[in-house]
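What follows is a short report on a single structure.
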2 protein chains.
Amino acid sequence: MDDTGWRPVKRTRTFEDVLAQIERRITEDGLTVGDRLPAERQLAEQLGVSRSSVREAMRVLETLGVVSSQVGRGPDAGAVLTSRPDSALTDLLRLHLGLASLEMREVIDARHMIEQWAAAHAATSGADTSALAAALAGMDAARTAEEFVEHDTAFHCAIADASGNRLIAAIMRSLRDSMRRYSVEAVQRLGDTSVLRADHVRILEAVERGEAGEATRAVSEHLAHAYPALFR
Amino acid sequence: MDDTGWRPVKRTRTFEDVLAQIERRITEDGLTVGDRLPAERQLAEQLGVSRSSVREAMRVLETLGVVSSQVGRGPDAGAVLTSRPDSALTDLLRLHLGLASLEMREVIDARHMIEQWAAAHAATSGADTSALAAALAGMDAARTAEEFVEHDTAFHCAIADASGNRLIAAIMRSLRDSMRRYSVEAVQRLGDTSVLRADHVRILEAVERGEAGEATRAVSEHLAHAYPALFR
DNA sequence: GGTTCGATATGGTCTGACCATACTGTGGTC
DNA sequence: GACCACAGTATGGTCAGACCATATCGAACC
C-alpha cells in the first residue's frame with residue numbers, strides 16, 4: 001500500500017455549487033411542488049456568482065424535471081418547482097438508444113418486467129379501470145398504426161398508473177415513449193390487430209376480476225404476440 | 001366545440017435547437033461513445049448562436065449522462081460522448097425523493113420488482129458469479145453499517161449486471177444509490193446481520209445452480225428481512 | 001367600471017473578456 | 001539522440017453587462 005491518504009482535489013464547478021445549495025434549500029426548507037425559487041438575478045447576487053452559473057444550474061434542474069421556468073411577471077413567472085420525471089427519463093432513454101449504448105432488446109425486456117408487475121398490482125389494488133376501457137375503445141376506432149399505438153400506449157400506461165406506483169408508472173411511460181417508432185413498425189408488420197385486441201380484453205378482464213396471476217400471464221403472452229421477432 | 005384549429009406556437013429556446021441538432025448529428029452520423037463533439041466556440045459559430053446557448057445544451061447532455069466535458073487541450077479534452085445513465089437516474093431519483101413527489105415505499109417496491117427479475121435472469125444466464133462472492137466476503141469483513149451497505153449494494157448490483165440487461169442494471173444502481181441512507185438506517189435498526197448473510201448465501205447458491213424460481217423466492221424473502229417495516 | 005398604455009420583473013440571448021487547465025511543439029542541454 | 005524546460009495554444013469555466021421578448025401590474029384616462 002503506497003496510499004498516502006491524499007485524495008484528488010475534486011474540481012467543483014460553480015454551477016454545481018449552486019445546484020447543491022438549491023437542493024439543500026429544497027430538503028431543509030421543505031420546499032415542495034408549486035413553490036417558487038428566487039429569480040435568477042437575485043439568486044446570483046445572493047450566492048455571489050454570475051447569472052450564467054445560476055442559469056446552468058437551472059438547466060440541469062429543468063432537465064431532471066424538477067423545475068419549470070416561465071418568463072414574464074407575476075405569480076406564475078420564474079422558476080417553479082415541479083415534478084415531471086417522465087420527460088427526463090424519456091430524454092435519457094432516447095439519447096442512450098441513439099448512442100447505441102442501449103439496445104431495443106433491453107428496453108423491451110424492461111417493459112416486459114414492468115408490465116407484468118404492474119398488471120399484477122393493478123389487479124390486486126382494485127383501482128379504477130375506466131381508463132383501460134377508454135383506451136381499448138380508442139384502439140378499436142384507430143385508423144392508422146400511429147393512432148393504434150397511441151391508444152395502446154395509453155392502455156398500458158393506465159395499467160401502470162393503476163398499480164399505484166408513480167415511479168414505475170413514470171418508467172413505463174418513458175419506455176413506451178422511447179420505443180414509439182419501433183412499436184408502430186411492429187404493428188404495421190403485424191397487419192391484423194385482432195390478436196392484440198383479444199389480448200387486451202383478456203388483460204382488462206383479469207385486472208377487473210382481481211386475478212393477478214392471470215393478468216401476469218396475459219400480459220406476458222400479449223408482448224410475445226406484439227413483438228414476435230424478439231420472443232422467438 | 002369552439003376549437004378554431006389554432007395551436008399555441010411552441011416557444012423554442014435556442015439551446016433546445018442546439019440540442020436537437022446535436023442529437024440529429026448523433027443519430028445521423030452514427031456518433032458513438034468516445035467520439036468528440038466540436039468545441040463550444042466552434043459549435044456556436046457553426047450554428048450561428050452564442051456560446052452561452054451551446055453551453056446550456058451541453059449542460060443538458062451532461063446531466064443526461066451523454067457527454068462528459070474535459071478542460072485543457074489534447075485528444076481527451078472537450079466534450080466527449082459517454083454513456084453514464086446511472087448518475088443521471090440517481091440525481092433524478094434523489095431530487096424527486098427530496099421533493100416528496102416520490103415515496104420511499106415506491107422506490108423499494110421498484111427495487112423488489114427489479115431484484116426478482118434480475119436474480120431469475122442471472123440464474124438462467126450462467127454469467128460469472130465471482131463478483132457476487134467477492135461482495136459477500138466484503139460484507140463479512142465490514143465493521144460498520146455503512147461498509148456493510150456498500151458491499152451489500154455491490155452484491156445486488158452484481159446480480160443486476162449478471163442479468164445481462166444494462167438498462168435494468170442502471171436502474172438498479174440508481175435505486176440503491178438514492179436509498180443508501182435509508183438502507184444504512186435499516187441495517188442499524190436490524191443490528192444482527194446474520195439473517196441477511198444467510199439470505200445472500202441462499203441467493204448466490206440459487207443463481208449458481210441456475211434455479212430461477214428459487215432465486216426469485218430467495219430475493220423476495222431477503223428484502224422482507226431487510227425492510228421488515230415495509231413488508232408487514 | 002372598463003380600457004389603454006407605460007412601468008417593471010422575469011427568463012432568453014448575445015458579446016466580449018478573462019482565468020485555469022492541459023496538451024503541443026520548440027529549443028536548449030546533456 | 002534523449003531528455004527537459006518553457007512558451008504557445010486550444011479547451012472548458014466564469015464573469016459582467018447589455019439588450020430583447022414576454023407577461024403582469026398599476027396608474028391614468030374615458
Side-chain angles (χ1 to χ4, degrees), chain A residues 6-22 25 31 34-82 84 87, chain B residues 6-22 25 31 34-82 84 87:
Chain A
W6 292 98
R7 294 286 174 271
V9 175
K10 172 85 170 64
R11 178 175 56 115
T12 308
R13 294 176 285 187
T14 305
F15 81 89
E16 291 174 323
D17 283 341
V18 176
L19 268 179
Q21 296 234 28
I22 294 177
R25 287 283 299 271
L31 298 185
D35 292 340
R36 276 181 59 181
L37 292 178
E40 291 179 357
R41 291 171 177 83
Q42 191 181 339
L43 206 48
E45 192 183 5
Q46 287 176 358
L47 299 177
V49 301
S50 74
R51 203 181 144 205
S52 332
S53 298
V54 172
R55 280 185 64 77
E56 297 198 11
M58 289 298 181
R59 212 71 321 127
V60 171
L61 293 175
E62 198 178 299
T63 303
L64 293 173
V66 170
V67 311
S68 164
S69 295
Q70 305 293 330
V71 299
R73 176 180 170 165
D76 292 341
V80 181
L81 290 177
T82 57
R84 307 192 152 278
S87 59
Chain B
W6 293 97
R7 293 286 173 271
V9 176
K10 173 85 171 63
R11 180 175 52 116
T12 308
R13 295 177 286 187
T14 305
F15 81 88
E16 292 174 323
D17 282 342
V18 176
L19 268 179
Q21 296 233 28
I22 294 177
R25 287 284 298 271
L31 299 184
D35 292 340
R36 276 181 59 182
L37 292 179
E40 292 180 358
R41 291 171 178 82
Q42 191 181 339
L43 207 47
E45 191 183 6
Q46 288 175 358
L47 299 177
V49 300
S50 75
R51 203 181 145 206
S52 335
S53 298
V54 171
R55 278 185 65 78
E56 296 198 9
M58 289 297 182
R59 211 72 320 125
V60 172
L61 293 175
E62 197 177 300
T63 302
L64 292 173
V66 171
V67 311
S68 164
S69 294
Q70 305 293 330
V71 299
R73 176 179 169 166
D76 292 341
V80 181
L81 290 178
T82 57
R84 306 193 152 278
S87 59

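Chain naming here is simple, since letters A, B, ... match the order of the sequence lines and numbering starts at 1 in each. These values consider heavy atoms only, across backbone and side chains, with no hydrogens, waters or symmetry-generated copies.
- Along DNA chain D, the nucleotide nearest to B/S52 and the one nearest to B/P38 differ in position, and the one closer to the 5' end is contacted by B/P38.
- Using a 4.0 Å heavy-atom criterion, one finds that A/S53 contacts the sugar-phosphate atoms exclusively.
- Atom C1' of nucleotide D/dC20 and atom CZ of B/R13 are separated by 16 Å, given to the nearest angstrom.
- If you check distances only, the side chain of A/R55 never reaches the base of C/dG11 with a donor-acceptor pair under 3.5 Å.
- In this structure, B/R73 atom CZ and D/dG12 atom C1' are separated by 14 Å, rounded to whole Å.
- Annotation for A/E45: atom CD does not count as buried by contact number, only 12 or fewer foreign heavy atoms lying within 6.0 Å.
- Across all strands, A/A39 comes closer than 4.0 Å only to sugar-phosphate atoms, never to a base (heavy-atom distances).
- With hydrogens and angles disregarded, a donor-acceptor distance shorter than 3.5 Å links the side chain of B/R36 to the backbone of B/A77.
- Considering only the side chain of B/P75, C/dT24 comes nearest among C/dT24, C/dC14, C/dG11.
- Taking atom CD of residue B/E62 and atom C1' of nucleotide D/dG12, one finds them 10 Å apart after rounding to whole Å.
- Counting distance only, with no hydrogens placed and no angle test, the side-chain atoms of B/R51 and the base atoms of D/dG13 include a donor-acceptor pair under 3.5 Å.
- Between A/Q42 atom CD and C/dT8 atom P there is a gap of 17 Å when expressed in whole angstrom units.
- If you take CG of B/D76 and P of C/dC23, they are 7 Å apart, rounded to a whole angstrom.
- The distance from atom CZ of B/R41 to atom P of D/dT9 is 15 Å, rounded to the nearest whole Å.
- One finds a salt bridge joining A/E62 and A/R59 here, because a Lys/Arg side-chain nitrogen approaches an Asp/Glu carboxylate oxygen to under 4.0 Å.
- Following rounding to the nearest Å, A/E40 (CD) and D/dA18 (C1') show an atom-to-atom distance of 15 Å.
- No side-chain heavy atom of A/L47 sits less than 4.5 Å from a side-chain heavy atom of A/D17.
- Inter-residue side-chain proximity for A/I22 and A/L43 is flagged as met; some heavy-atom pair is nearer than 4.5 Å.
- Looking at heavy-atom distances under 4.0 Å, A/G72 makes contact with a base.
- As a whole-Å value, the separation of A/R59 CZ from C/dG11 P is 10 Å.
- Taking only side-chain nitrogens and oxygens, B/S69 never comes nearer than 4.0 Å to OP1 or OP2 of D/dG12.
- Contact annotation for B/E56: no contact, since no heavy-atom pair falls under 4.0 Å across all strands.
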